[in-house]
Student: 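Below are the structure tokens for one structure; questions will follow.
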Amino acid sequence: MAQAKHSSFLTYRGGRWAKFALVFSVICIGLYFAFDFEPVRNGGSWYGYTLGTIGALLILWLAWLGVRKRRYNPGNWSLKAWTSAHVYLGLSLLVIGTLHTGLQFGWNVHTLAYALMVLVILSGMFGVYFYITVPRRMSDNRAEASQVEMLDELENVSRLLRETSLSLQDADTQRILDMLAKTTLKSGVMTRLRDSHVRCPNARALKDFKVAVRTIEGDVQRGMFDVISVLERRDSLLGRIRRHQRYRALLELWLWIHIPATITLIALLIVHIIAVFYYQ
Amino acid sequence: MTILIRDIKRIGTGDATRTSIRERKVEAETISIGRRKGSDIQIDALSIQLDHAEISVPSEGDALLRLHGNATALADGRVVTNGKSVIKPGTILRLGPVQITVENNTVDETITLAVESVETRTEAISRDDEDAVFATRSVLPSKRIISWMSALIVLGFFLALPILADRSPAHPIVKASPVQADVSWNSGELSLLHSNLKNDCASCHVNAFEAVTDDTCLSCHTDLERHAEPLDLKKAERPVEGFNAFLTKTSEAFGRPADRCSSCHIEHNASSHIIKSSDAICSDCHAELDKRLPNTDIMNVSDFGTDHPEFRPYVIVAPALAQPLTQRISLDLIPKGNSGLKFPHDLHMADNNAVAKMANTLPGRYGFDDGVTCDDCHSEEAGGALFEPVRMEQDCAMCHSLTFEIEADGYERTLRHGEPDEVIASMRDFYDAKALANIRDTATDSRTRRRPGAAAEIRNSNRRELAFKRSEEVTIGKVDAIFSEGGACYDCHEIERPVDIRTMDFKVLPISVADSFYRRSPFNHEVHEIEGVECSSCHAAETSASSSDILLPKIAVCRDCHIGQASWKAGGDIAAGKYPTNCLTCHGFHDGPHYKPQDGNP
């Protein structure tokens with residue numbers, strides 16, 4: 001597909017950082033097998049220390065993105081360049097970190113640090129995946145409406161529903177009242193991730209009213225038809241808002257693993273380095 | 001009855017509030033209140049029923065509120081449900097969003113109902129809820145707080161606690177810890193022999209940030225011998241240059257000096273790696289040892305399969321009871337040993353000769369069912385690495401009898417093995433005793449009784465002298481016989497004959513059978529007990545006609561199965577009968593100073 005001049009952080013400058021990270025990883029793997037380490041490959045060999053030093057500095061640099069993105073002045077590198085390097089060098093860290101372990105694992109802080117590093121990288125991979133896939137679906141879903149506009153629209157439709165419902169019978173107005181009370185969008189994070197719209201009170205009321213409207217006639221029936229059409233508008237609007245919630249959760253939730261795990265990883269990195277030199 | 005309904009509307013907020021009041025009169029006794037269009041008081045709220053309530057004003061007495069169906073209302077803040085309630089003037093009713101104040105007009109005795117909307121309708125979700133609805137941060141705890149807490153837990157549990165445990169093991173926090181504080185620092189399993197130290201990090205890691213010192217190792221390992229003289233060792237090392245020199249300097253900068261015990265013995269890598277097995281450790285010095293140590297008599301070696309000198313066993317060149325003289329001689333030179341013993345292996349091991357036939361006639365307890373085999377004489381020592389010395393009484397005497405005389409009643413008189421002086425003394429005693437017995441028997445025989453007198457005494461005296469003289473000659477003859485060809489001793493031993501045979505000063509030369517040909521790298525027979533490997537696979541005993549033959553296999557025999565480390569890495573295969581062999585397969589680094597070997601002094 002012919003795209004405009006826009007290029008994402010993934011394809012920044014023809015994937016310069018992807019190529020760099022790939023070449024760097026291949027060189028690291030090559031050196032790993034090129035030398036014979038006595039008595040066994042581990043983080044304590046000269047190559048192990050080298051990879052460990054590179055890995056630790058890389059982790060600090062990668063984490064610096066959190067500081068960099070808060071600055072407005074672009075500096076020598078744009079934020080896009082920075083992000084592109086962050087993603088690809090972050091992936092190469094998986095290679096560097098794994099080689100640094102010499103594939104020696106155990107129940108200790110050293111392996112815990114490795115596990116956390118893997119967790120950070122994996123969560124980052126999820127983040128990249130969602131950054132690639134979600135925004136287009138998100139903007140299709142929103143149809144150019146802002147979040148506030150969606151909420152305003154919901155308020156308007158709800159008000160219309162209240163007004164339209166005034167002509168209903170007492171039991172039906174009670175139903176509308178209950179439904180309005182039960183409809184919530186301030187749901188927990190798991191609810192946002194799931195497609196929870198099918199259990200929406202509005203949708204259920206709509207379904208019930210569509211059945212009930214066939215059993216009545218006259219003005220009362222006409223009144224209920226009006227209510228049904230408003231319920232349908234409201235239903236589609238709620239569905240759109242819930243999808244938007246889900247997309248935002250997808251775009252943001254991985255950060256709740258990525259960021260705390262990164263900070264914890266840095267703490268563990270300090271522990272790891274002090275521990276190996278304390279008891280050397 | 002006239003009822004005044006006053007609709008009050010307030011527009012705007014605060015000081016700018018404007019109030020609009022509209023009044024209407026209703027001529028009726030009952031006022032309907034509800035959502036239904038046309039109600040006297042119509043309340044557009046879903047919480048209000050179509051026909052919610054009615055207020056009736058009788059001509060006499062107070063007004064009455066009547067609620068329909070399930071409708072509810074508040075009267076002065078109290079819930080009123082179905083049925084009729086009296087409302088006194090001044091009562092404030094609340095129905096849904098509407099407040100109705102009941103007022104009595106004392107002038108014309110009418111009732112006024114002041115109706116005011118008091119509740120502005122708000123939707124459950126408004127634009128102000130944007131973050132609450134859409135932002136993930138509104139439903140999860142702050143990332144920053146999670147991060148800080150997690151990092152602090154990690155630093156406290158995995159850094160502060162282990163350091164505290166190391167600095168003050170008796171601290172109450174350390175004692176309260178359910179697990180050993182520094183166990184989380186353990187980078188890997190200790191080797192099996194050190195596994196008793198796994199809960200005592202400080203036994204090796206004495207000072208913080210200091211690499212394990214040799215003194216720490218030597219505090220337990222007290223019996224290690226030097227590999228070589230330290231000065232020689234230093235000279236023998238290949239000079240550290242280039243990248244390796246950089247690595248050494250960097251290590252030292254980080255407090256890890258080179259040439260420590262733990263430079264080679266790297267712990268926390270599980271058992272298999274505590275001892276480095278790379279030939280490079282040895283060949284670094286030994287590949288070109290002569291260049292750096294010109295006076296050494298240790299030969300250059302770098303790989304068992306391709307660059308190892310022929311074996312040089314310690315060969316006994318002069319037997320002696322106490323310290324036989326030995327010399328290291330390469331098997332290439334076909335060394336001849338001198339044990340002082342005559343033992344042709346071929347004669348004893350032949351299938352169909354006199355020895356074999358004799359062996360087959362012996363009782364089963366000697367185990368010669370199939371002729372003489374190796375294990376009839378050589379028995380494994382405990383552990384199976386080497387063999388017990390061969391013993392004459394146990395391994396030879398069943399054939400090589402030491403009987404020198406058989407008594408008339410068939411009793412066999414035998415000699416004591418291993419003590420030639422005692423042998424000669426025993427034989428002399430035996431034949432002297434025989435002579436005495438003869439004299440005694442002659443004196444008591446009535447047929448040889450003589451007349452008493454001096455002449456008879458002289459005759460008796462001559463006879464005794466004669467008897468002992470003959471006994472002496474018999475003894476000399478018999479002793480000479482056992483020490484001469486065909487005699488019991490001569491068969492196996494080298495004999496030094498006296499110049500005058502009458503002195504009977506025969507000497508058996510000392511026997512020195514080597515108990516180990518390779519003192520620094522003893523061979524282990526037990527590990528070679530595998531299918532297809534016989535004694536004869538390595539030892540050519542069956543064709544050896546002399547005990548001076550050194551029946552050791554040359555290195556080529558070993559190389560049939562054992563390949564060096566370089567070849568193994570290039571593609572060794574145990575299934576193909578090839579076994580990886582490094583220096584440590586046979587040699588030990590700490591087995592003592594194997595520099596300047598002193599011949600004859602093991």
Side-chain angles (χ1 to χ4, degrees), chain A residues 36 38-40 42-44 46 104 106-110 112 147-148 151-152 154-155 158-159 162-163 165-166 169-170 173-174 176-177 180-181 183-189 192 241 244-245 248-249 252-253 255-256 259-264 266-268 270-271 274-280, chain B residues 35 44-47 49-50 69-70 121 123-127 129-130 132-140 143 146-148 150-152 154-155 158-159 162-163 166 182-189 201 205 208-212 247 250 254-256 266 269 273-278 280-281:
Chain A
D36 211 1
E38 274 285 322
V40 65
N42 81 0
W46 68 263
Q104 289 185 316
W107 296 105
N108 51 44
V109 286
H110 318 291
L112 182 61
Q147 291 175 167
V148 168
L151 292 183
D152 279 350
L154 180 68
E155 200 176 338
S158 298
R159 194 173 292 129
R162 285 173 188 278
E163 284 162 11
S165 302
L166 289 174
Q169 298 300 301
D170 288 340
T173 51
Q174 193 57 45
I176 295 288
L177 267 187
L180 285 170
T183 306
T184 179
L185 291 170
K186 296 173 187 171
S187 46
V189 70
R192 290 177 185 205
I241 290 173
H244 189 74
Q245 280 185 309
R248 275 207 56 173
E252 293 170 8
L253 195 59
L255 282 166
W256 262 262
I259 303 301
T262 297
I263 302 299
T264 313
I266 291 173
L268 270 172
I270 294 169
V271 174
I274 291 179
V276 296
F277 283 107
Y278 194 101
Y279 280 172
Q280 64 177 316
Chain B
R35 182 156 50 81
D44 288 343
L46 292 178
S47 54
Q49 293 181 7
L50 285 167
N70 295 323
R121 208 167 46 210
E123 290 301 331
I125 295 157
S126 76
R127 59 187 302 161
D129 293 324
E130 183 187 1
V133 171
F134 294 113
T136 307
R137 65 174 175 273
S138 65
V139 285
L140 285 178
K143 292 195 287 285
I146 300 174
S147 301
W148 277 109
S150 170
L152 284 176
V154 160
L155 289 173
F158 295 130
L159 187 65
I163 291 178
D166 182 52
D182 48 10
V183 74
S184 64
W185 284 11
N186 189 349
S187 64
E189 284 291 302
C201 305
H205 302 286
F209 300 106
E210 182 187 72
V212 177
L247 288 182
T250 311
F254 279 93
R256 296 167 71 92
I266 299 176
N269 285 312
H273 303 300
I274 182 71
I275 295 171
K276 283 189 177 183
S277 57
S278 166
I281 294 170

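Just so it is clear, the model here is predicted, and its values are computed rather than measured. Reckoned from all heavy atoms, side chains included, excluding hydrogens, waters and symmetry mates. Each chain gets a letter, A, B and so on, in the order its sequence line appears, and its residues count up from 1.
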Student: Heavy-atom pairs under 4.5 Å with chain A: which of Asp166(B), Val183(B), Ile266(B), Ile146(B) has the most?
Tutor: Asp166(B)
Student: Go through Glu252(A), Gln169(A), Arg248(A) and name the one with the most non-hydrogen pairs under 4.5 angstrom from chain B.
Tutor: Arg248(A)
Student: Is a donor on one side and an acceptor on the other found under 3.5 Å between the side chain of Arg162(A) and the backbone of Leu46(B)?
Tutor: no
Student: Can you measure from CD (Gln280(A)) to OG (Ser187(B)) and round to the nearest 0.5 angstrom?
Tutor: 12.0 Å
Student: At a heavy-atom distance under 4.5 Å, which candidate from Leu255(A), Leu253(A), Val276(A), Thr184(A) has the highest pair count against chain B?
Tutor: Leu255(A)
Student: Tell me, side chain or backbone of Leu112(A) under 4.5 Å from chain B's heavy atoms, or both, or neither?
Tutor: side chain
Student: Answer with side chain, backbone, both or neither: which region of Asn70(B) has an atom nearer than 4.5 Å to a non-hydrogen atom of chain A?
Tutor: neither
Student: Tell me, side chain or backbone of Ile163(B) under 4.5 Å from chain A's heavy atoms, or both, or neither?
Tutor: both
Student: Hey, which of Leu151(A), Leu268(A), Thr262(A), Ile176(A) has the most heavy atom pairs under 4.5 Å with chain B?
Tutor: Leu151(A)
Student: Check each atom of Ala280(B) against the heavy atoms of chain A and say whether the ones under 4.5 Å are side chain, backbone, both or neither.
Tutor: neither
Student: Going by the rule ring-ring contact (aromatic ring centres under 6.0 Å, His included), which residues pair with Phe134(B) if we only count those two or more places apart in sequence or in a different chain?
Tutor: His244(A)
Student: Shorter than 4.5 Å, heavy atoms on both sides: which option in Gly106(A), Ala181(A), Ala275(A) has the most such pairs with chain B?
Tutor: Ala275(A)
Student: Whether the side chain of Asp182(B) engages the backbone of Pro162(B) through a donor-acceptor N/O pair (distance < 3.5 Å, no angle test) should be reported.
Tutor: no
Student: If you count heavy-atom pairs within less than 4.5 Å of chain B, which of Gln245(A), Lys186(A), Gln147(A) leads?
Tutor: Gln147(A)
Student: Measure the spacing between OG of Ser165(A) and CG of Asp44(B) and express it to the nearest 0.5 Å.
Tutor: 12.0 Å
Student: Flag the one option from Phe158(B), Phe209(B), Trp148(B) with the top tally of heavy-atom pairs under 4.5 Å to chain A.
Tutor: Phe209(B)
Student: Please rank Thr183(A), Leu166(A), Ile263(A) by heavy-atom pairs under 4.5 Å with chain B and give me the top one.
Tutor: Leu166(A)
Student: Using a 6.0 Å cut-off, check whether atom CG of Asp152(A) has over 12 heavy atoms from anything other than its own residue.
Tutor: yes
Student: Sort Gln104(A) into side chain, backbone, both or neither according to what part of it lies under 4.5 angstrom from a heavy atom of chain B.
Tutor: side chain
Student: Less than 4.0 Å between a side-chain N and a carboxylate O, is that true for Arg159(A) and Glu155(A)?
Tutor: yes
Student: Can you tell which of Thr250(B), Leu247(B), Val212(B), Ile281(B) has the highest number of heavy-atom pairs within less than 4.5 Å of chain A?
Tutor: Leu247(B)
Student: Should the pair Trp185(B) and Tyr279(A) be assigned to parallel (<30°), tilted (30 to 60°) or perpendicular (>60°) ring geometry?
Tutor: perpendicular
Student: Mind checking what makes side chain to side chain donor-acceptor pair (under 3.5 Å) contact with Thr264(A), not counting sequence neighbours?
Tutor: Ser150(B)
Student: At a 4.5 Å cut-off on heavy atoms, which part of Leu185(A) comes close to chain B: side chain, backbone, both, or neither?
Tutor: both
Student: Rounded at 0.5 Å granularity, tell me how far CG in Leu50(B) sits from CG in Asp170(A).
Tutor: 4.5 Å
